[in-house]
Number of protein chains: 2
Amino acid sequence: MSGVFTTPVALVRLSYLVNAIYADVCATHGLSVPQAQLMCVLKDSPRGMGEISAMLRLDKSSVTGLVERVERRDYLRRSMSATDRRAITVSLTPAGKALTDTFYEEISQRLTDLATSMPTDDRDHLNRIATHLVLTEDVPAVFGPVAS
Amino acid sequence: MSGVFTTPVALVRLSYLVNAIYADVCATHGLSVPQAQLMCVLKDSPRGMGEISAMLRLDKSSVTGLVERVERRDYLRRSMSATDRRAITVSLTPAGKALTDTFYEEISQRLTDLATSMPTDDRDHLNRIATHLVLTEDVPAVFGPVAS
DNA sequence: ACATATAGTAGGTATCACAAACCATCGTCC
DNA sequence: GGACGATGGTTTGTGATACCTACTATATGT
C-alpha cells in the first residue's frame, strides 16, 4: 500500500515534526529548546537542581549553566532550601511564569491544529496510544501535568 | 478519565520518548544526534550541501561544520559535482554506509519493540495516523525512504 | 557583458552538554 | 559526637552545535 511508512519511520518523522514545531514556537519567544523545556518543567512547581537534572536527563553540571542563562533573563530565580542548606530551589519569576503560560498555550494550539487535520476517530486513538506509551515507558513530565 | 493526556501533551512526550531512544542509540555508536541525522539523510543517495541544509533545516554554514566533523571520522567524503563547479557532492564512505545501516537497523528495532508493547489494532492506527501527518505536513525524509 | 542568484566557506558569538575535580552539608553508624 | 560515605551543586575545560554576516566563485538570465 503506497504512502504508508513502517512504524519506526513514521515515529521518527512524527517526532521530527513535533520537535520542529516546538523549536519554531521557542524561536518566536527568543528561547532555545532546552530553555523552554526547563521553564515548562518549572511551570507547575519549583524544583531543585537534581530534580531538574533527572527530568530533563541532563548532567547536573549542564543544568547549572542552563539555569544560569535563564536566570540572567529574569525568568527564574534560585532560592535556598529551608530544610537543606546544600540545596537550591529554582522557581519561575512572574515574568517567567507569564512567558511559560503563553508558550505552553501556543504549543498546545499548534499541535491541536495538527491533530484537527485528521479524523476524530484517529485523534482519539492517537491520544490513547501516546498516553499508553508515555506511561509504560516512564517518560518524564517535560510537558503537561505531573500527575497521571 | 484518569491517565489520559490531552493530545498536545501526548505528542510532546511521545516526541521526547522517541528522541531519547534515538539519542541513546546514537551514543552507543559514538555519534551525536545531528551527525546521525546527517548520515541517515545520505543513506540512500549522495546529496549536495544545500539539499542537506534544506532537509535538516539547518543554516548552510552549520552544515559545513557538521559535514566536516563527520568527514574527519571517515564516514563521508566530499567530491566535486561534475555539472556544477560550485557544488559539492557529499556521500557516505563504505565505513559510513555500514555504520548507517547498523544504526538504522537498531533504531528500527528499538522503535518496533516500543510498538509491540501495544495491541495490534492500536499499532495499525498509530501507523496510519503518523503517516498521514508526516505526509500532509511535508516532513523531510530525515529517516527512511524518500519516496512516499 | 552585466547584473543577479546560487553553492559553499570563513569568522565570530552564544549555547549546550559532558566529564572530572571540587566544596559543603546531610545522614548514618559506631 | 566524630569519622565517613552519600548527596546537592558549582567550577573548569573541551568539543559540538547553530546562527549571522561577510565573502568567493560559479551559474544563469536578460
Side-chain angles (χ1 to χ4, degrees), chain A residues 16 19-20 22-24 26-42 46-73 75-91 140 142, chain B residues 16 19-20 22-24 26-42 46-73 75-91 140 142:
Chain A
Y16 182 89
N19 201 62
Y22 197 98
D24 190 43
C26 284
T28 69
H29 292 287
L31 293 172
S32 69
V33 169
Q35 286 171 0
Q37 282 178 329
L38 169 60
M39 293 175 70
C40 281
V41 151
L42 296 174
R47 299 187 186 281
M49 299 293 279
E51 211 174 345
I52 294 171
S53 170
M55 293 183 71
L56 297 184
R57 299 194 207 266
L58 292 175
D59 191 272
K60 290 189 300 178
S61 59
S62 306
V63 177
T64 299
L66 183 56
V67 164
E68 204 245 322
R69 286 183 292 273
V70 178
E71 187 178 27
R72 212 183 298 147
R73 297 194 184 187
Y75 289 149
L76 60 81
R77 82 177 84 94
R78 301 165 206 236
S79 48
M80 301 193 212
S81 160
T83 61
D84 187 335
R85 251 183 310 177
R86 297 168 299 181
I88 264 184
T89 301
V90 184
S91 50
V142 288
Chain B
Y16 183 90
N19 200 63
Y22 197 98
D24 191 42
C26 284
T28 68
H29 291 287
L31 293 172
S32 69
V33 169
Q35 287 170 359
Q37 282 177 329
L38 168 60
M39 294 176 69
C40 282
V41 150
L42 297 174
R47 299 187 186 282
M49 299 294 279
E51 212 175 344
I52 295 171
S53 169
M55 292 182 72
L56 297 184
R57 298 194 209 268
L58 291 175
D59 191 273
K60 290 189 301 177
S61 60
S62 306
V63 178
T64 298
L66 183 56
V67 164
E68 204 247 322
R69 285 183 294 271
V70 178
E71 188 179 24
R72 210 182 299 147
R73 297 195 184 185
Y75 289 149
L76 60 81
R77 80 177 85 95
R78 300 164 207 237
S79 48
M80 297 194 214
S81 160
T83 62
D84 187 335
R85 253 182 310 179
R86 295 168 299 182
I88 264 183
T89 302
V90 185
S91 50
V142 288

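Below, chains carry the letters A, B, ... as their sequence lines are ordered, and counting in each starts from 1.
To the nearest angstrom, P of C:dT6 lies 19 Å from CD1 of B:I52. Going from atom CD of B:Q35 over to atom P of C:dA17 covers 15 Å, rounded to whole Å. Atoms CE (B:M55) and P (C:dA7) sit 16 Å apart, rounded to a whole Å. One atom, CZ of B:R72, and another, P of D:dA16, lie 6 Å apart when rounded to the nearest Å. Separating the CE atom of B:M80 from the C1' atom of C:dA7 is a distance of 14 Å, rounded to the nearest angstrom. When the P atom of C:dA17 is taken as reference, atom CG of B:D24 falls 16 Å away, rounded to whole Å. What separates CG of B:L31 from C1' of C:dA17 is a distance of 16 Å, to the nearest Å. The interatomic distance linking B:M49 (CE) with D:dT26 (P) rounds to 17 Å, in whole Å.
For B:R77, the side-chain hydrogen bond (donor to acceptor under 3.5 Å, both in side chains) test picks out no residue, with sequence neighbours left out. For A:R57, there are no side-chain hydrogen bond (donor to acceptor under 3.5 Å, both in side chains) partners, not counting sequence neighbours. Applying the side chain to side chain contact (heavy atoms under 4.5 Å, CB included) criterion to A:R72, with sequence neighbours excluded, gives A:E68, A:R69. Not counting sequence neighbours, the partners of A:S53 by the side chain to side chain contact (heavy atoms under 4.5 Å, CB included) test are A:K60, A:V63. Every residue two or more places apart in sequence or in another chain that forms a side chain to side chain contact (heavy atoms under 4.5 Å, CB included) with A:T83 is listed here: A:S81. For the side-chain hydrogen bond (donor to acceptor under 3.5 Å, both in side chains) test, residues two or more places apart in sequence or in another chain that qualify with A:E51 are A:R47. Take B:S62 and apply the side chain to side chain contact (heavy atoms under 4.5 Å, CB included) test, not counting sequence neighbours, and it matches B:L58, B:D59.
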Distances for protein N or O near nucleotides 18-20 of chain D N or O, under 3.5 Å:
residue : atom : partner : partner atom : Å
D:dC19  : OP2  : B:D59   : N            : 2.9
D:dC19  : OP2  : B:S62   : OG           : 2.8
D:dC20  : N4   : B:S61   : OG           : 2.5

Distances for protein N or O near nucleotides 23-25 of chain C N or O, under 3.5 Å:
residue : atom : partner : partner atom : Å
C:dT25  : O2   : A:R86   : NH1          : 3.1

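Backbone-only engagement by A:G48 is indicated by non-hydrogen atom pairs under 4.0 Å involving sugar-phosphate atoms exclusively.
The side chain of B:R78 places an N or O atom within less than 4.0 Å of a non-bridging phosphate oxygen (OP1 or OP2) of C:dT9.
Atoms OG1 and CG, on A:T89 and A:L76 in that order, are 12.0 Å from each other to the nearest 0.5 Å.
Scanning all heavy atoms of the two residues, the minimum distance from B:Y75 to B:L31 falls at CE1-CD2, 4.1 Å.
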